[in-house]
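Below: one structure, written as structure tokens.
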There are 2 protein chains.
Amino acid sequence: MALIVQKYGGSSLESAERIRRVAERIVATKKQGHDVVVVCSAMGDTTDELLDLAAQVNPVPPAREMDMLLTAGERISNALVAMAIASFGAEAQSFTGSQAGVLTTERHGNARIVDVTPGRVREALDNGKICLVAGFQGVNRETKDVTTLGRGGSDTTAVALAAALGADVCEIYSDVDGVYTADPRIVPNAQKLDHLSFEEMLELAASGSKILVLRSVEYARAFNVPIRVRSSYSNDPGTLVSGSMEEIPVEEAVLVGVATDNSEAKLTVLGIPDAPGEAAKIFRVLADAEINIDMVIQNISSLEDNRTDITFTCPRADGPRAVELLMKLQHDGTCRNVLYDDQIGKVSLVGAGMKSHPGVTATFCEALRDAGVNIELISTSEIRISVLLRETEVAKSVKALHDAFELGGEEEATVYAGTGR
Amino acid sequence: MALIVQKYGGSSLESAERIRRVAERIVATKKQGHDVVVVCSAMGDTTDELLDLAAQVNPVPPAREMDMLLTAGERISNALVAMAIASFGAEAQSFTGSQAGVLTTERHGNARIVDVTPGRVREALDNGKICLVAGFQGVNRETKDVTTLGRGGSDTTAVALAAALGADVCEIYSDVDGVYTADPRIVPNAQKLDHLSFEEMLELAASGSKILVLRSVEYARAFNVPIRVRSSYSNDPGTLVSGSMEEIPVEEAVLVGVATDNSEAKLTVLGIPDAPGEAAKIFRVLADAEINIDMVIQNISSLEDNRTDITFTCPRADGPRAVELLMKLQHDGTCRNVLYDDQIGKVSLVGAGMKSHPGVTATFCEALRDAGVNIELISTSEIRISVLLRETEVAKSVKALHDAFELGGEEEATVYAGTGR
């Protein structure tokens, strides 16, 4: 008998009919003799609809009230799933994040889980009940206010609960049936992976893959909670994310896939004096403005004037603000100029196999050369190669890399109309 | 400076635009220097939509989960109103029923308030904030479960809060601008009342008026909380419900209106032995089945066989069940037969003036006689005369009585397209 945590995303819960199908699956899992805890997102587009209503009422709404508003969505879906489970003859009990002991920081709209104390959930499980826990929310111990956890918060709730309860696995259900070697909409012969390590999933998530949010994978790795990514529309076992890449025998280490990210902008700060503290000024200014930085590239300084350039990427929505802040530094003489480019795309190849197979970087660059794609920037980690190129070249690049590394299967991937939610 | 509690019904909150208009009114009230507490129902038809979703998922849903589901509606509207208030530059804080200290019985779907301990609300008021409290809900102290208060629960929340906070008035806002002498859709020259006593409002509510639910008026009377019934669509001061009818000077006591109720069925139990305990059997059987009885009429027993008949009314939905239960008593010999009639209407004349003006009953019966209406049953209280007649005769009867007692104004009532919600 195992303890299984299942998380269902909005598209899996978008109608009364879908809710009943999900309830059937939950009850079937319980009937196999397992303890089952279920985390539900809001139905369909509920969260977006509530955000829209809020914007109509106040374009800059107080964060505390936004959290009170948004958490209604998960409350609704959890109660409905609990009702559906009851109609199949099983016992269910729904919990808000607060009732389930999900304790968070005070930061409304983007709270971090600080602890999970699921005593009431444990008790209900011991009484034979299926437990529904509202995703995306928790409570701040000091203020007793309800908080939401930011985008992908339901995944994080599920993994955090799984860790606190010592679950055997955390199953993340959406309308896609697993992690693919590339987006099948771009590469029709992309294959579904059976397994990948935590580190490889982390790199994919950091490189643009939308299957799981980075935070939930980090949590899973920290607490060693296996994650199974599956579809709620089929019985396909999906993809298992578990174990450290260190555990993968060298001969089995492979490349797991190509990820893309078209959501970033690139900024280059030109002519920074190559002396201690100069780069720090730049990043402190950005950090104080809460602008998230992704890639950072600094190459060696120019021999002529002992100045260097720093390039970094950030979300496009933050680009203009970053430019404005850096222009002030320009006036201070910290740099010569600031270049801005939001037509970029990021393409990343990920896999533990990179460590043990020399020549991956060479093959990578050759594949793009043969496809006539110009690489504008390169940045790597132990198991990832990322490049920036023109956004318009992204699809071509993904196909070229996917073929060059023989990641494709023989058949075209079947259904992939999903949102990943 | 006063403490004012305002309650807004679903139709006053049915869109983002209506919510902003309500927020403007709230902020204007605060700016006059008052402490303001606001109770909001769910937006528009949200509650009905959630009930519908629930029915699709499980026709007989567990009551605890139904309460978790329905309370999402008030959570949404309160958060949105708080946001709108913030956009007008005032400070607002929203509270769930639980956070506001509304403690109830365990009975999901129809819980009763047992206590209100609004410490956090009081503290927020003292800090200059406008407080939003979700209506229709509370929490059960023992189970810590969220409960809902049944139909009209938001009115009850508002009055109970007003009582606990010692408010100067509780304003109930809907889309009708006050209490009328009759339904203006039936009697075009019905007048809006400026004032009526608690007892008169109680009788109107018990006689079918939908303006305020009986429970909230009972609460207001018990704790002496004045209620002002107003429209959120205009600045009309509405109708004030306050004071005991005992305080009304004899010469000022009037008749306040004619109410109708088409929701009941009439049952007559024939041939009950006129001996102690026989009537009790009948009402115990009905009480155990949780069937609410309204009017009860027993006339003197027949001299021939020492048997009597008892007639009572109950909600039409409960009629068939009541018949079934009473048929069993017939088999036991407790009665001879059971008659059932769900084509009845109840028409009631209400007013403190009845006590001091003889001849009201005579005028009442003559008015109906002149209108050609047959009275099937009569039942009275100190300030009310109610009759049962054919449902098809109700409109005609209301007009006849309204004219006979000169309750009409000279003009036709203006806008009355309202739902009263």
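So you know, we letter chains A, B, ... as the sequences are listed, proteins then strands, and number each from 1. The structure presented is a predicted model; accordingly, all values stated were derived computationally and were not measured. We use all heavy atoms of the structure for the numbers below, so side chains are in, but hydrogens, waters and symmetry mates are not.
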Atom group of V60(A) that falls short of 4.5 Å from chain B, counting heavy atoms: neither
Among Q56(B), E17(B), R64(B), single out the residue with the greatest number of heavy-atom pairs under 4.5 Å to chain A. R64(B)
Pick one of side chain, backbone, both or neither for Q93(B), based on which atoms fall under 4.5 Å of a heavy atom in chain A. both
Find out whether the Lys NZ or Arg CZ of R21(A) is both under 6.0 angstrom from the six-membered ring centre of Y233(A) and within 45° of the ring's axis. no
Can you check side-chain contact (heavy atoms from CB on, under 4.5 Å) on R75(A) and V146(B), steps first, answer last? CA-CA 12 Å; R75(A) 191 185 196 86; V146(B) 166; 3.5 Å; yes
side-chain contact (heavy atoms from CB on, under 4.5 Å) between T105(A) and T147(A), intermediate numbers included: CA-CA 8 Å; T105(A) 58; T147(A) 54; over 6 Å; no
For S15(A), is it the side chain, the backbone, both, or neither that has a heavy atom closer than 4.5 Å to a heavy atom of chain B? neither
R120(A) side chain to A100(A) backbone, donor-acceptor under 3.5 Å: no
Interchain contact, T96(A) with chain B, by part (heavy-atom threshold 4.5 Å): both
Checking heavy atoms, do the side chain of L69(A), its backbone, both or neither come under 4.5 Å from chain B? both
By a 4.5 Å heavy-atom criterion (distance strictly below it), what part of A23(B) contacts chain A: side chain, backbone, both, or neither? neither
side-chain contact (heavy atoms from CB on, under 4.5 Å) assessment of D236(A) paired with S231(A): CA-CA 7 Å; D236(A) 192 306; S231(A) 166; 5.9 Å; no
Answer yes or no: is there a side-chain heavy-atom contact under 4.5 Å between K31(B) and V36(B)? no
I need the residue from S94(B), P62(B), P59(B) with the largest number of non-hydrogen atom pairs under 4.5 Å to chain A. S94(B)
Kindly determine whether R107(A) and D67(A) satisfy side-chain contact (heavy atoms from CB on, under 4.5 Å), including the steps that lead there. CA-CA 10 Å; R107(A) 193 198 171 91; D67(A) 279 356; over 6 Å; no
List the atom of C40(A), the atom of E74(A), and the distance in Å for their closest heavy-atom pair. O-CG, 3.5 Å
Only residue of I26(A), I4(A), L165(A) satisfying side-chain contact (heavy atoms from CB on, under 4.5 Å) with V37(A) is L165(A)
Residue by residue, which of residues 127-145 of chain A have a heavy atom closer than 4.5 Å to a heavy atom belonging to chain B? T143(A), K144(A), D145(A)
Which bit of M66(B) comes within less than 4.5 Å of chain A, counting heavy atoms only: side chain, backbone, both or neither? both
Looking at Q6(A) and Y173(A), would you say the former's side chain and the latter's main chain have a donor-acceptor pair under 3.5 Å? no
